[in-house]
Each structure stands twice: as structure tokens, then as C-alpha cells.
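Naming convention: chains lettered A, B, ... in sequence-line order (proteins, then strands); numbering from 1 in each chain.
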Amino acid sequence: MPPRRKLPATALPEGDAAVAAICAVIRRIPKGWVATYGQVATMAGLPRRARLVGYVLRHLDPAIQIPWHRVVNAKGEVSYTLSRNGGDDEQRRLLEEEGILFNVGDRFALERYRWLD
DNA sequence: CTAATGACGAACT
DNA sequence: AAGTTCGCCATTA
């Protein structure tokens with residue numbers, strides 16, 4: 001069986017190693033805590049590659065077991081995108097389920113929930 | 001080959 | 001505080 005992902009065959013210059021590194025970091029985010037896209041990228045050895053993290057998460061096989069919902073943007077909110085067809089609401093639900101409180105601006109106190117290695 | 005498009009983010013205005 | 005601009009870079013048009 002090939003890797004459980006949906007990336008095109010000619011994916012990244014860094015290859016599967018980059019995808020694996022990103023997933024490895026995300027898997028270490030503790031329950032009830034979050035990490036930003038940029039933070040995950042840096043921790044995976046890919047500084048300034050936040051968009052790549054978003055790209056990988058976007059194309060990840062839904063069946064793969066990974067706490068993808070714990071990855072948020074630097075403003076302390078879930079990145080809402082039309083193309084996600086409600087998947088963003090699901091992310092918020094999962095985070096609230098883990099005890100993260102959202103305020104009226106669809107945001108939460110990032111400084112309070114950010115996972116520091 | 002060029003241009004636009006992002007699950008992004010920092011710096012400006 | 002909120003909107004804009006620019007850097008980022010793989011993918012898509």
C-alpha cells in the first residue's frame with residue numbers, strides 16, 4: 001500500500017520526508033492544545049513553509065489518523081475556507097470538545113492554548 | 001512559459 | 001482593530 005495521502009506523484013522537492021515530518025509534528029500536539037501552521041512547519045524543519053502545512057493537511061487522506069484539527073492559524077482561529085465544505089465547523093467542534101473556548105470573534109486565546117515543545 | 005490561487009504569516013497603513 | 005501588501009512556494013489554469 002502506498003502512503004496514505006492524496007498528493008500528486010510529483011509532490012514536493014523535499015519528497016515524502018517533508019510530508020512525514022509534518023505529520024510527525026502534528027501527531028505530537030497534545031490533546032487540548034494547538035499549534036499554528038507556521039509553528040508546525042518550523043518544527044518539521046521547514047521554516048517559512050506554513051502554506052505547505054496547509055497544503056498537506058488539505059490533501060491528507062481522511063482515513064488517516066492524525067489530530068489535524070489542532071493546527072490553527074496565527075490569529076488564533078480556524079482557517080475558514082469555502083472549499084472545505086463545512087470541514088472547518090467540524091474542526092471548531094473538535095477543539096471545543098477538547099476544552100478550547102471560542103469567543104465571539106470566532107477566535108480563542110492562542111497564547112493560552114498554544115503548545116510549546 | 002506566465003498568471004492566479006491558496007487550511008499562511010509578518011509587516012504596514 | 002481591521003484591511004492591505006508582500007513574501008512564500010506547490011499546484012493549477
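Side chains of A/Gln65 and A/Arg27: no donor on one and acceptor on the other come within 3.5 Å. Side-chain contact of A/His69 with A/Glu98: a donor-acceptor pair under 3.5 Å is present, judged by distance alone. Side chains of A/Gln91 and A/Arg84: a donor-acceptor N/O pair is present below 3.5 angstrom, by distance only.
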### Task
Evaluate side-chain contact (heavy atoms from CB on, under 4.5 Å) for A/Tyr37 paired with A/Asn73, printing each intermediate quantity in order.
CA-CA 6 Å; A/Tyr37 293 90; A/Asn73 67 32; 4.1 Å; yes
#### Entry: Residues A/Trp115, A/Met43; criterion side-chain contact (heavy atoms from CB on, under 4.5 Å); working and verdict
CA-CA 12 Å; A/Trp115 168 52; A/Met43 292 175 79; 3.5 Å; yes
### Message
Walk me through whether A/Thr36 and A/Val71 qualify under side-chain contact (heavy atoms from CB on, under 4.5 Å).
### Response
CA-CA 5 Å; A/Thr36 66; A/Val71 183; over 6 Å; no
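A salt bridge is defined here as a Lys NZ or Arg NE, NH1 or NH2 lying under 4.0 Å from an Asp or Glu carboxylate O, and A/Glu96 with A/Arg93 fails to meet this definition.
We find that CG of A/Asp106 is positioned 12 Å from P of C/dA2, with the value rounded to whole Å. The CZ-C1' distance, from A/Arg51 to C/dA10, rounds to 10 Å in whole Å.
OP1 or OP2 of C/dA10 lies within a sub-4.0 Å distance of a side-chain N or O belonging to A/Arg49.
Near DNA chain B, meaning a heavy atom under 4.0 Å away, the residues from residues 28-40 of chain A are A/Thr36, A/Tyr37, A/Gly38. Heavy-atom distances under 4.0 Å link DNA chain B to A/Asn73, A/Ala74, A/Ser79, A/Thr81 of residues 71-81 of chain A, given in residue order.
Partner of A/Ile66 under the side-chain contact (heavy atoms from CB on, under 4.5 Å) criterion, out of A/Ile29, A/Leu60, A/Ile22, A/Asp61: A/Leu60 alone.
In this structure, the side chain of A/Tyr55 does not engage the main chain of A/Ala50 through any donor-acceptor pair within 3.5 Å.
A gap of 16 Å separates the P atoms of B/dT5 and C/dT4, to the nearest Å.
Cation-pi geometry between A/Arg92 and A/Phe102 is met: the NZ or CZ atom falls under 6.0 Å from the ring centre, inside 45° of the normal.
Read 5' to 3', the first and last nucleotides of DNA chain B with an atom closer than 4.0 Å to a heavy atom of chain A are B/dG6 to B/dG9.
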